[in-house]
Amino acid sequence: MIERIKNLLTEVDALNAANEEELEALRLKYLSKKGLVNQLMADFRNVPAEMKREVGMRINEAKTALQDRFNQLKAELATTEEDHSDLDLTRTPYPVMVGTRHPLSIVKQEIVDIFSRLGFSLADGPEVEDDWHVYGSMNFAEDHPARDMQDTFFVETHPDIILRSHTSSVQSRVMEKQQPPIRVICPGRVYRNEAISARAHCFFHQVEGLYIDKDVSFTDLKQVLLTFAREMFGPDTKIRLRPSYFPFTEPSAEMDISCNICGGEGCSFCKHTGWVEILGCGMVDPNVLEANGIDSTIYKGYAFGMGIERITNLKYQVKDLRMFSENDVRFLDEFMAAN
């Protein structure tokens, strides 16, 4: 028995395998259930009692030596398979297509970054909303045209549940949960029941802002919007505010910027006026503050809102809104450098 074990140990160093098949053959011969090691274990019961200790130690020694040699050969084969020395490293690699962010995502992030530097935090809310947060809390009258089926998508089985038509609903949710000071921007997708064309879509994206605190004035609003316009469109950008009307602000205004295409000289894009409208704004109506649990005798605020598609059109001169949602890779590839 001991002689068999010695002969087995002498074979260990001579074991070799050129490939996986030869390695597997060695495993079957020595370490499998029917291999030589297991045969020794089976014959161990016939060893005299006084020799069992020595024979058992030698069997374990042979098994360990065989297992170590097997692992060594397996590692050597793995290293050989990973050797790529035969590759031609001077060969031109296959082109790898690099993805790009959507232009709306690029512009939205740029808007968010600008207002973040001005102290605004990010707020989000549900796209499927109730009538109160979309209209009631924003001072919309019961018979306001925006509530009509021609403008709003209603859930048929729940008349008070709608797809939000503006992200002002997020402002309402922030106000009802948080007392001033409040300084947030609310980007998101909104829905309106409009015919799809090059200039309109049934869904689009907005960014709205809200600031509420003591002693807030229209001058504060104007300075924030001027800073935003110059950060987004260039340091020479001019703005003008025209009186307007929104149910949730009073006074209200629409803001134009000097056309960034013609520099204010007049072109077809700005209809030869030198100005392009980009957003609506105003001081928060006291009724909105009260409806959302904020004391209008102590606090004031301003709000503004803009369409991300509108800003993207100005930056990249995309003339057809449908291109933003048609997922044409050729269109998206044009914005690779903007990433």
Side-chain angles (χ1 to χ4, degrees), residues 1-110 112-113 116-117 121-124 126-127 187-189 205 324-339:
M1 185 73 164
I2 291 179
E3 191 65 28
R4 288 168 58 192
I5 296 172
K6 288 182 177 179
N7 292 334
L8 187 59
L9 283 170
T10 59
E11 295 178 16
V12 171
D13 291 334
L15 296 180
N16 210 341
N19 51 51
E20 290 287 344
E21 290 76 13
E22 293 182 7
L23 184 65
E24 178 63 11
L26 291 177
R27 187 191 68 81
L28 293 173
K29 179 179 179 180
Y30 293 100
L31 298 171
S32 66
K33 290 183 178 180
K34 296 182 180 180
L36 295 180
V37 173
N38 268 7
Q39 289 178 18
L40 290 173
M41 298 293 289
D43 294 339
F44 180 72
R45 61 177 178 269
N46 299 322
V47 175
E50 66 273 12
M51 296 184 63
K52 280 187 180 292
R53 178 180 176 83
E54 181 183 359
V55 172
M57 292 175 61
R58 288 182 176 272
I59 291 176
N60 286 334
E61 180 184 354
K63 182 178 180 181
T64 301
L66 284 165
Q67 187 64 58
D68 290 345
R69 182 56 178 166
F70 177 83
N71 292 337
Q72 181 183 0
L73 292 173
K74 186 176 181 179
E76 290 176 357
L77 282 176
T79 303
T80 302
E81 290 176 357
E82 292 176 1
D83 184 9
H84 302 302
S85 58
D86 59 333
L87 293 180
D88 181 4
L89 299 181
T90 64
R91 182 178 178 181
T92 303
Y94 293 108
V96 178
M97 295 299 294
V98 179
T100 178
R101 288 186 297 158
H102 195 281
L104 295 180
S105 298
I106 297 171
V107 173
K108 183 188 79 171
Q109 190 58 53
E110 189 173 353
V112 170
D113 288 344
S116 294
R117 295 197 298 271
S121 59
L122 201 61
D124 194 14
E127 295 181 10
R189 181 181 294 178
H205 302 78
F324 290 128
S325 56
E326 289 179 348
N327 296 322
D328 189 330
V329 176
R330 296 169 300 177
F331 170 69
L332 298 178
D333 285 345
E334 296 179 15
F335 299 89
M336 192 172 297
N339 285 269

Spacing of [X] atom [atom1] and [Y] atom [atom2] [to the nearest 0.5 Å]:
X: Asp328; Y: Glu334; atom1: CG; atom2: CD; result: 8.5 Å
X: Met57; Y: Glu61; atom1: CE; atom2: CD; result: 8.0 Å
X: Asn327; Y: His102; atom1: CG; atom2: NE2; result: 6.5 Å
X: Lys108; Y: Arg189; atom1: NZ; atom2: CZ; result: 10.0 Å

Heavy-atom donor-acceptor pair, His205 side chain to Pro187 backbone, under 3.5 Å: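 No, because the side chain of His205 does not come within donor-acceptor range (under 3.5 Å) of the backbone of Pro187.
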Geometric class of the Phe331/Phe324 ring pair [parallel <30°, tilted 30-60°, perpendicular >60°]: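 Aromatic pair Phe324/Phe331 classed perpendicular.
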Minimum side-chain heavy-atom gap Asp68-Gln72 below 4.5 Å: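 The answer is no; the side chains never approach within 4.5 Å.
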Check: Arg101 and Gln109 side chains under 4.5 Å, non-hydrogen atoms: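 Yes. Closest side-chain heavy atoms under 4.5 Å.
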